[in-house]
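Okay, so here's the structure we're looking at.
When a residue number appears, it is its place in the shown sequence, counting from 1.
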Amino acid sequence: MIEIIYKNNNNHIEFSSKGHADFDKIGKDIICSAVSSIIIGGLNAIKEIDSFQIKIEKGDVEVKSLKPVSEHDNIVFETMLIQLKTIEENYPKNLKVIRRE
């Protein structure tokens with residue numbers, strides 16, 4: 001299962017994605033593919049990229065804001081969460097999205 005954890009504390013964001021969906025074998029897993037596309041697309045849309053510490057290793061992603069995020073970048077993360085929650089609704093055995101505020 002992929003576990004997404006999102007925290008927003010006074011406009012300081014922490015976001016992580018860990019695990020594998022186990023929907024299909026690696027390379028053919030549509031859930032992993034969709035989640036990866038949403039996350040990479042979202043990270044590419046961040047306007048103030050220097051305001052974040054980003055670590056991507058073996059498919060796991062960790063993002064931490066180094067200062068309060070802009071309204072634009074906040075919208076990017078909110079959009080990512082909406083997309084990920086939509087996948088979670090249809091594939092709850094493969095993806096879990098946890099939001100902490």
As a test of understanding, state which of Lys96, Lys93, Gln83 forms a side chain to side chain contact (heavy atoms under 4.5 Å, CB included) with Glu88. Lys96
Just by distance, do the side chain of Ser33 and the backbone of Asp29 share a donor-acceptor pair under 3.5 Å? no
Looking at every heavy atom in both Ala34 and Ile87, which two are closest together, and how far apart are they? CB-CD1, 3.7 Å
Please tell me if the side chains of Asp73 and Lys47 come closer than 4.5 Å, counting only heavy atoms from C-beta onward. yes
Co-membership, hydrophobic cluster, residues Tyr91 and Ile98, 4.5 Å side-chain: no
Looking at Ala21 and Cys32, what are the two nearest heavy atoms and their distance? N-SG, 3.3 Å
Evaluate the side-chain proximity of Ile30 to Phe23: yes if any heavy-atom separation is below 4.5 Å, no if none is. yes
Would you say the side-chain atoms of Asn8 pair up with the backbone N or O of Asn11, donor to acceptor, closer than 3.5 Å? yes
Nearest 0.5 angstrom please: Ser51 OG to His12 NE2, how far? 10.0 Å
In the single-linkage hydrophobic clustering (I, L, V, M, F, W, Y; side-chain heavy atoms under 4.5 Å), do Leu43 and Ile38 co-cluster? yes
Note: Glu62-Lys18 ion pair, threshold 4.0 Å (strictly below): yes
Among Ile4, Asn90, Thr86, which residue meets the side chain to side chain contact (heavy atoms under 4.5 Å, CB included) test with Leu95? Ile4
Please give me the minimum heavy-atom distance between Gly42 and Met80, naming the atom from each residue. CA-SD, 3.6 Å
Are Ile82 and Ile31 connected in the hydrophobic side-chain network, where two residues link if heavy atoms are under 4.5 Å apart? no
Could you report the tightest heavy-atom contact between Ile2 and Gly19, atom names first, then the distance? CG1-O, 3.8 Å
Minimum side-chain heavy-atom gap Ile46-Phe77 below 4.5 Å: yes
For residues Ile56 and Ile39, determine if any side-chain heavy atom of one lies less than 4.5 Å from a side-chain heavy atom of the other. no
Hey, is Glu78 close enough to Arg99 for a salt bridge, meaning N to O under 4.0 Å? yes
Is there side-chain contact between Val63 and Ile13, with heavy atoms separated by less than 4.5 Å? no
Within one Ile-Leu-Val-Met-Phe-Trp-Tyr cluster: Val35 and Ile54, side-chain cutoff 4.5 Å: yes
Give, for atom CG of Asp60 and atom NE2 of His20, the distance between the pair rounded to the nearest 0.5 Å. 11.0 Å
Show the numbers, then the answer: is there a ring pair (Phe, Tyr, Trp, His ring centres under 6.0 Å) between Phe52 and Phe15? CA-CA 11 Å; Phe52 293 89; Phe15 176 93; over 10 Å; no
Asn74 side chain to Ser70 backbone, donor-acceptor under 3.5 Å: no
Okay, side chain of Asn94, backbone of Met1: is any donor-acceptor separation there less than 3.5 Å? no
